[in-house]
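Encoded as structure tokens, the structure appears first; notes follow it.
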Amino acid sequence: EGQAQEAATFTIAARAAGIVKILRIGDIETTGSVEDHMFDRYRFFISEAKAAQPVDVSVKVRALQGNPWVFISRQPNNNPTARNHEWGGLIEDEDTGVVTFSTAASNFTSGWVYVSFYSEQSAAYAVTVRWGNVTAALADGKEEKGSLEDGKEEKG
């Protein structure tokens, strides 16, 4: 007599090596992991209009496990590494690091910004990208209220 056999089911989630995922801007945390001596890569876009505002861009990285390195560059460098990046560094185990740069910088150009994660041992991380208006430090340190328009002076 034969016995009924149930079919085994499973799911495989994978992506080809070298694929660059797109990071969404805002309060959306993206989690990922990187294997020993491997890279995980992302990118996000800063338009000419957004760059002209200008904006401060912050890439917040939280180490979930291990010690991931984060390297960030602008196009045409679509593969930032330890030897070839503009911003970044090591994020210690269970620590949070924030890399901030401004589109107001004289050498900033709009376009794709690339983010690579690397680790010598397996590591997991969470990353969030945000941007906002550039803030100005007041020379006297006192809080000011009001608004200014180009070419106009506010007295108060």
Side-chain angles (χ1 to χ4, degrees), residues 15 17-35 37-156:
R15 65 185 171 90
I19 296 294
V20 180
K21 298 173 279 192
I22 294 180
L23 283 171
R24 294 177 34 194
I25 308 300
D27 291 328
I28 302 161
E29 187 174 70
T30 301
T31 56
S33 63
V34 62
E35 297 300 320
H37 302 285
M38 300 295 286
F39 284 91
D40 204 7
R41 298 174 37 212
Y42 299 86
R43 67 182 178 167
F44 59 93
F45 191 80
I46 299 177
S47 68
E48 282 185 43
K50 184 61 75 174
Q53 290 182 5
V55 294
D56 285 330
V57 180
S58 67
V59 179
K60 179 181 175 183
V61 180
R62 191 165 47 95
L64 303 175
Q65 173 190 340
N67 299 310
W69 288 82
V70 59
F71 304 114
I72 303 171
S73 66
R74 294 171 291 142
Q75 63 184 24
N77 180 6
N78 63 359
N79 190 19
T81 64
R83 292 186 181 153
N84 190 13
H85 68 279
E86 294 176 73
W87 308 280
L90 175 65
I91 309 300
E92 299 286 341
D93 193 27
E94 296 183 24
D95 197 6
T96 300
V98 179
V99 177
T100 303
F101 57 92
S102 176
T103 63
S106 61
N107 66 343
F108 188 85
T109 54
S110 59
W112 288 105
V113 176
Y114 294 87
V115 181
S116 291
F117 290 92
Y118 171 82
S119 184
E120 293 177 356
Q121 298 177 346
S122 296
Y125 56 85
V127 60
T128 306
V129 178
R130 293 186 180 117
W131 58 40
N133 292 336
V134 171
T135 56
L138 299 174
D140 62 6
K142 294 180 184 173
E143 181 178 347
E144 299 286 335
K145 293 187 179 178
S147 62
L148 295 173
E149 294 179 32
D150 285 344
K152 294 187 180 178
E153 202 175 290
E154 181 179 78
K155 303 198 187 234

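Everything numeric here is computed off the predicted structure, so don't read it as measured data.
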To the nearest 0.5 Å, what is the distance between CH2 (Trp112) and OH (Tyr42)? 14.5 Å
Polar side-chain atom of Glu86 near backbone of Arg74 as donor-acceptor pair, under 3.5 Å: yes
Nearest 0.5 Å, please: how far is NE2 in His85 from CD1 in Ile72? 9.0 Å
Minimum side-chain heavy-atom gap Phe44-Val57 below 4.5 Å: yes
To the nearest 0.5 Å, how far apart are NE2 in His37 and OH in Tyr118? 5.0 Å
Nearest-0.5 Å distance that lies between atom OG in Ser58 and atom CH2 in Trp131: 11.0 Å
Please report the shortest heavy-atom distance between Phe108 and Ala51, naming the atom on each side. CE2-CB, 4.1 Å
What closest approach, in Å, do Asn67 and Ala123 show between heavy atoms, and which atom pair accounts for it? N-CB, 4.1 Å
Does Thr103 reach the main-chain N or O of Val55 with its side chain, forming a donor-acceptor pair under 3.5 Å? yes
With distance as the sole test, does Ser116 use its side chain to make a donor-acceptor pair with the main-chain N or O of Phe71 at under 3.5 Å? no
Can you tell me how far the CD atom of Glu29 sits from the OG1 atom of Thr128, to the nearest 0.5 Å? 4.5 Å
If we ignore hydrogens and angles and just use 3.5 Å, is the side chain of Arg41 paired with the main-chain N or O of Asn78 as donor and acceptor? yes
Name the one of Val129, Val127, Ile22, Val115 that satisfies side-chain contact (heavy atoms from CB on, under 4.5 Å) with Thr30? Val127
Are more than 12 heavy atoms from other residues, nucleotides or ligands located less than 6.0 Å from atom CD of Gln75? yes
Treating Asn84 as the side-chain partner and Asn77 as the backbone partner, does any N or O pair qualify as donor plus acceptor under 3.5 Å? no
Interatomic distance, CD1@Ile46 vs CZ@Phe101, rounded to 0.5 Å, equals 4.5 Å
Any side-chain heavy-atom pair of Val70 and Tyr125 under 4.5 Å: no
